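Right, one structure below, let's go through it.
Keep in mind the model is a prediction, meaning the values are calculated, not measured.
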Amino acid sequence: MLSERRSNVVTGLSFLVLAVGVFFLSINMNTLSILSIGVSSSFFPVVASIIMFLISIVLLYLSRKQTGNEEVASTKEHDEGNVKSKQVNVGITFVLILLYLLFLPIIGFILATTLYLVVQSYLLATKEKRNLLMFSSLSLTASVVIYHVFRSGFDLMLPVGILG
């Protein structure tokens with residue numbers, strides 16, 4: 001079983017790597033400046049990655065201050081399986097985010113976001129509440145609405161990909 005300290009270190013390092021990746025991907029992003037003050041489409045991802053980086057540093061610092069003897073409060077086998085399941089879900093989520101970023105320029109915002117949201121919703125839902133039709137329809141609706149808000153409301157182009 002992982003101690004709480006070790007779990008926080010793994011989480012902090014994972015998000016630190018993710019923040020650095022998002023930062024460099026955002027800097028290399030094709031941008032469209034919408035205001036004369038220089039705010040572009042890469043502004044929010046850069047700010048979000050910097051915030052994620054700082055939070056990761058704080059988590060790593062706080063986990064360093066913890067004693068190594070603090071165990072995850074779990075004595076039953078069911079709880080141990082639940083902890084391992086959650087750890088696997090975190091790993092899968094990390095991979096899903098990276099795949100989303102990889103396929104976003106290729107297949108476009110609507111398809112990439114819809115696929116990501118469907119898979120992520122399915123992963124996070126309990127077995128009793130998994131409804132692929134509902135996840136698909138909500139994900140497609142949200143993706144289309146977000147796309148049109150950015151396209152029409154903010155006059156920003158999101159990747160269109162193969163729908164082009």
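- With rounding to the nearest 0.5 angstrom, the CG atom of Leu16 is 12.0 Å from the CD1 atom of Ile55.
- The OG1 atom of Thr114 lies 7.0 Å from the CG atom of Leu117; values are rounded to the nearest 0.5 Å.
- Counted within 6.0 Å of OH on Tyr147, heavy atoms from surrounding residues, nucleotides or ligands total more than 12; the atom is thus considered enclosed.
- Closest non-hydrogen pair, Phe109 versus Ile146, comes out as CZ-CG2, 3.6 Å.
- No single ILVMFWY cluster, assembled from side-chain heavy atoms under 4.5 Å apart, contains both Val9 and Leu59.
- Both Ile27 and Val20 belong to a common hydrophobic cluster when Ile, Leu, Val, Met, Phe, Trp and Tyr are linked at side-chain heavy-atom distances under 4.5 angstrom.
- The distance from atom OH of Tyr100 to atom CD1 of Ile107, rounded to the nearest 0.5 Å, is 9.5 Å.
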>> I'd like to know whether Val22 forms a side-chain contact (heavy atoms from CB on, under 4.5 Å) with Leu101, so could you lay out the CA-CA distance, the side-chain angles of the two residues, the decisive distance to 0.1 Å, and finally the verdict.
In response: CA-CA 9 Å; Val22 169; Leu101 292 174; 4.2 Å; yes
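- Connection of Ile92 to Tyr122 is not established within any shared hydrophobic cluster, with ILVMFWY side chains joined at heavy-atom distances below 4.5 Å, either directly or through further cluster members.
- Counting heavy atoms from C-beta on, the side chains of Asn8 and Leu62 never come closer than 4.5 Å.
- In this structure, CD1 in Ile110 is found 5.5 Å from NE2 in His148, a value given to the nearest 0.5 Å.
- Within the 4.5 Å cutoff, side-chain heavy atoms of Leu54 are placed close to those of Ile50.
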